[in-house]
Amino acid sequence: FYVYQLPVPRLAAGDRFFDAIVPRAARLTCTSAAFADLWQAVMGEAWTPAAGVTDAVERHALRDELDALVAHLYGLSRADFAHILASFPLVFPDDASGAAKKEALLRTFDRVNG
C-alpha cells in the first residue's frame, strides 16, 4: 500500500526505459549458469556464458548506462544529475580521479537517452 503512494515509475515491457534497463541489468546479474533460469525468464532465451558480463570495464560501463537511464527516467536534467553525483563524495571524491569518473558518467548521461 505505501509503496504505491511513492513516485516510483511503473514500467512494463514495451516501455523504452524498461526495454533499455532490463537487458543491462540481466547482463550484470546473470554472470554464471546459476542464473540461467532467471536469464531465461527475463530475456526469453537460453543463457550462455557470453550472456553475463564479468569484465570489470564492461561492467562499469553497464552500471554507468543504468545510472544514466534511471536519471533520464526520473526526468533529471544534466545539472540535476551532476548535483546528485556530487552528493556522493566517497564515490566521486573531490580530486582528479573523482572528477574524471563523474565526467565520464555525465558523458554517458548525454549519450544515453532511453
Side-chain angles (χ1 to χ4, degrees):
F1 171 76
Y2 292 108
V3 172
Y4 287 111
Q5 295 180 14
L6 298 173
V8 176
R10 310 282 193 274
L11 303 178
D15 177 272
R16 68 185 181 116
F17 289 106
F18 180 95
D19 293 344
I21 290 170
V22 168
R24 287 169 173 88
R27 293 188 69 213
L28 287 170
T29 304
C30 301
T31 57
S32 73
F35 296 100
D37 290 342
L38 175 61
W39 180 269
Q40 178 71 43
V42 172
M43 299 302 294
E45 59 188 40
W47 180 87
T48 67
V53 176
T54 57
D55 176 72
V57 172
E58 193 174 353
R59 289 181 64 80
H60 183 82
L62 284 170
R63 286 193 308 270
D64 280 358
E65 289 174 9
L66 283 170
D67 289 345
L69 285 164
V70 171
H72 282 293
L73 173 63
Y74 277 93
L76 298 179
S77 68
R78 189 181 204 276
D80 293 337
F81 191 43
H83 177 76
I84 290 168
L85 296 178
S87 69
F88 292 92
L90 295 178
V91 178
F92 303 99
D94 191 18
D95 60 17
S97 71
K101 188 175 177 182
K102 184 169 103 176
E103 187 54 40
L105 184 46
L106 290 171
R107 281 193 306 274
T108 302
F109 176 86
D110 293 338
R111 181 178 51 81
V112 174
N113 63 14

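Starting from 1, each residue takes its place in the sequence as its number. Just so it is clear, the values below take in all heavy atoms, side chains as well, and ignore hydrogens, waters and symmetry mates.
Leu11 places a side-chain heavy atom less than 4.5 Å from the side chain of Leu73. At a threshold of 4.5 Å between non-hydrogen side-chain atoms, the residues Asp37 and Trp47 do not count as touching.
For Asp94, the side chain to side chain donor-acceptor pair (under 3.5 Å) test picks out no residue, with sequence neighbours left out. Remark: Asp67 pairs with no residue by the side chain to side chain donor-acceptor pair (under 3.5 Å) rule, at least two apart or across chains. By the side chain to side chain donor-acceptor pair (under 3.5 Å) test, Thr48 is found to be paired with no residue, residues two or more places apart in sequence or in another chain being considered.
Here the side chain of Arg16 pairs no donor or acceptor atom with the backbone of Gly14 at under 3.5 angstrom.
For the residue pair Phe92 and Gly98, the shortest heavy atom distance occurs at CD2-O, 3.9 Å. Residues Arg63 and Leu28 come closest through the heavy atom pair CG-CD1, 3.8 Å. For the pair Val112 and Ala68, the tightest heavy-atom approach, listed with the atom from each and the gap, is CB-CB, 4.3 Å. When all heavy atoms of Ala82 and Lys102 are compared, the closest pair comes out as O-NZ, 4.1 Å. Residue Ala71 comes nearest to Phe81 through the heavy atom pair CB-CD1, 3.6 Å, listed as atom of the first residue, atom of the second, then distance.
Applying the side-chain hydrogen bond (donor to acceptor under 3.5 Å, both in side chains) test to residues at least two apart or on different chains, the pairs with a partner in residues 19-34 are Arg24-Glu65, Arg27-Glu58. Within the structure, side-chain hydrogen bond (donor to acceptor under 3.5 Å, both in side chains) pairs that include any residue of residues 74-87 comprise Ser77-Asp80, Arg78-Glu103, Arg78-Asp110 (at least two apart or interchain). Applying the salt bridge (Lys or Arg N to Asp or Glu O under 4.0 Å) definition to pairs two or more places apart or across chains, none involves residues 38-49.
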For a side chain to side chain contact (heavy atoms under 4.5 Å, CB included) check, start with the C-alpha distance between Leu38 and Gln40, then their side-chain angles and the critical distance, and finish with the verdict. CA-CA 5 Å; Leu38 175 61; Gln40 178 71 43; over 6 Å; no

Test side chain to side chain contact (heavy atoms under 4.5 Å, CB included) applied to Val70 and Phe17, step by step: CA-CA 8 Å; Val70 171; Phe17 289 106; over 6 Å; no

Side chain to side chain contact (heavy atoms under 4.5 Å, CB included) assessment of Lys101 paired with His60: CA-CA 11 Å; Lys101 188 175 177 182; His60 183 82; 4.1 Å; yes

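Atom-to-atom distance recorded for Ile21:CD1 and Leu69:CG is 5.5 Å, nearest 0.5 angstrom.
A centroid separation of less than 6.0 Å is found between the aromatic rings of His72 and Phe109.
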